[in-house]
Amino acid sequence: MKTTTNSDTVIVLDFETTGLSPDCGDRAIEIGAVKLVNGEAVERFQQLMYPGQRISRFIEDYNGISNNMLKKAAPCEEVMPAFAKFIEDFNLVAHNASFDSRFLDAELNRVKCKQRENFACSMLIARRLYPEAPNHKLGTLVRYKSLPNDGTFHRALADAEMTAHLWLTMMQDIKDRHSFAAIPFEVMQKLARTSKQATTGFLRRESARVSKI
DNA sequence: TGCCAGGCCCTCTTTAGGGCCTT
C-alpha cells in the first residue's frame, strides 16, 4: 500500500552529467535523490550510469567520477526505469531545475518513460528569499545558511542532500516570516516565478489564502 | 579554471543584452 501522497512528499534530485546540454549529446552519469516526506528524508537513490561514451578530463576532475568507475556502471536502460519508479508522480525539486529537468526528460525519453513537469527550482526561490546572499550557487547557500554537509560537493547524492536541506530551510524561513501553517508545493513553484519586487506581497496573499482553505 | 546550451532574471528593457546557474 502506498503510504505517502503527492502533497506531503517531494523528491529532491541532482544529476551529474558529461556536459551541459543533452541536445548536444551530453548524458547523465550519476543520479542522486532524496525523498522527503513531511520534511523528513525517508529514502535515498544513488546510482552511477554508463553514458555510452568516455567522459572528459574536466568532468573527471570536476566530480571525481572516472571513466573506470563508469565502465562498471549499469546502463540507462537499467537505471532509469528504477529511478522512474522511485520518483513515481511526486513533486520534484532541483537546484537550477531547468538543467536537471532537461536531463531527466532526455534520459526518461530513452527508456520510453513518462516525462515530468512538476518541478520546483531551489535556486530561483533562494534568489527571492536570500537576495543578500553572496551568490546563489548551491555551495555558497550551504555555507551562507550553515546547512549540514560532509564536505562532498559535485556528487549527485551529496548535492541532492544539500539541496534537500536548503529546501527545508527555505520552507521554514517562509513559515517564520509569513505565518504559513503549511506551504503547498504550487506556492513554491509560483514563488520562483514571482518578481523580486512582488515577493513579499505574493507570500502575504498566499498565506492568507492558504489559511482559509 | 574555462568553454559548450538553455532558461531565467534584471535593467541603463520590452524591436535587447548580459549575468547567473547547472556539468
Side-chain angles (χ1 to χ4, degrees), chain A residues 11-34 46-67 69-70 73 76 79-80 83 92-110 115-145 147 149 152-167 170 186-203:
Chain A
I11 304 289
V12 185
L13 62 87
D14 183 74
F15 279 97
E16 300 304 311
T17 71
T18 65
L20 292 172
S21 175
D23 292 339
C24 295
D26 289 320
R27 297 290 308 276
I29 58 174
E30 187 180 43
I31 306 172
V34 179
Q46 181 180 30
Q47 187 78 59
L48 288 171
M49 190 161 79
Y50 178 66
Q53 58 187 263
R54 288 185 62 80
I55 61 173
S56 68
R57 179 63 183 272
F58 170 75
I59 294 297
E60 284 188 312
D61 291 344
Y62 184 80
N63 53 31
I65 298 171
S66 68
N67 280 292
M69 292 163 68
L70 291 173
C76 171
V79 177
M80 290 313 296
F83 189 57
L92 305 176
V93 172
H95 200 70
N96 197 11
S98 68
F99 175 85
D100 291 280
S101 66
R102 281 185 289 121
F103 276 95
L104 178 62
D105 284 348
E107 298 296 348
L108 286 175
N109 189 50
R110 288 177 180 274
Q115 297 188 349
R116 302 295 301 272
E117 295 178 354
N118 49 337
F119 252 105
C121 179
S122 58
M123 182 191 74
L124 294 178
I125 296 169
R127 282 178 177 169
R128 293 289 166 268
L129 296 184
Y130 313 127
E132 72 285 359
N135 60 56
H136 299 87
K137 296 177 183 177
L138 179 59
T140 300
L141 290 167
V142 166
R143 287 186 287 274
Y144 180 69
K145 298 297 292 182
L147 302 178
N149 71 91
T152 303
F153 290 88
H154 305 308
R155 287 299 298 266
L157 184 57
D159 284 3
E161 296 269 13
M162 290 185 285
T163 303
H165 284 298
L166 174 62
W167 177 259
M170 293 193 298
E186 293 73 18
V187 171
M188 297 295 275
Q189 287 180 301
K190 287 180 184 173
L191 174 58
R193 301 278 182 274
T194 303
S195 72
K196 187 164 62 178
Q197 294 80 3
T199 294
T200 300
F202 169 77
L203 287 172

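Residue numbers begin at 1 in each chain, while the letters A, B, ... track the order of the sequences.
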Partners passing side-chain contact (heavy atoms from CB on, under 4.5 Å) against A/Gln46 (at least two apart in sequence or in another chain): A/Glu30, A/Arg155, A/Leu157
task: Taking side-chain contact (heavy atoms from CB on, under 4.5 Å) as the test, write out the residues that go with A/Thr140, two or more places apart.
output: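 side-chain contact (heavy atoms from CB on, under 4.5 Å) list for A/Thr140, sorted by chain: A/Pro134, A/Asn135, A/Lys137, A/Arg143.
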task: Quick one: list whatever passes side chain to side chain donor-acceptor pair (under 3.5 Å) with A/Glu107, sequence neighbours left out.
output: A/Arg27
query: Which comes earlier along DNA chain B counting from the 5' end, the contact point of A/His154 or that of A/Ser21, where each point is its nearest nucleotide?
result: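 Taking each residue's closest nucleotide, the earlier one in sequence belongs to A/Ser21.
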- request: Take A/Arg102 and A/Glu16, find for each the nucleotide of DNA chain B with the closest heavy atom, and name the residue whose nucleotide sits nearer the 5' end.
  value: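 Checking each residue's closest nucleotide, the 5'-ward one belongs to A/Arg102.
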statement: dist A/Lys145:NZ -> A/Leu166:CG (nearest 0.5 Å) comes out at 9.0 Å
side-chain N/O A/His136 vs B/dC21 OP1/OP2, d < 4.0 Å: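 A/His136 to B/dC21 OP1/OP2: side-chain N or O found under 4.0 Å.
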field: Whole angstrom value for the distance that separates C1' of B/dC21 from CG of A/Asn135
entry: 9 Å
- prompt: What string of B, S and - do you get for nucleotides 8-14 of chain B, 5' to 3', if B is base contact, S is sugar-phosphate-only contact and - is no contact with any protein heavy atom under 4.0 Å?
  reply: SSSS---
query: With A/Phe15, which residues qualify under ring pair (Phe, Tyr, Trp, His ring centres under 6.0 Å), at least two apart?
result: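 For A/Phe15 there are no ring pair (Phe, Tyr, Trp, His ring centres under 6.0 Å) partners, ignoring immediate neighbours.
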message: Which residues pass the ring pair (Phe, Tyr, Trp, His ring centres under 6.0 Å) test with A/Tyr62, not counting sequence neighbours?
response: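 With sequence neighbours excluded, A/Tyr62 shows a ring pair (Phe, Tyr, Trp, His ring centres under 6.0 Å) to A/Phe58, A/His154, given in chain and number order.
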Taking [M] as the reference, what is the distance to [N] when you measure between their [atom1] atoms (whole Å, please)?
N	M	atom1	answer
B/dT1	B/dG17	C1'	25 Å
B/dG19	B/dC12	P	14 Å
B/dC4	B/dG18	P	14 Å

field: Candidates B/dG6, B/dT23, B/dT22 - which lies nearest the side chain of A/Lys137
entry: B/dT22
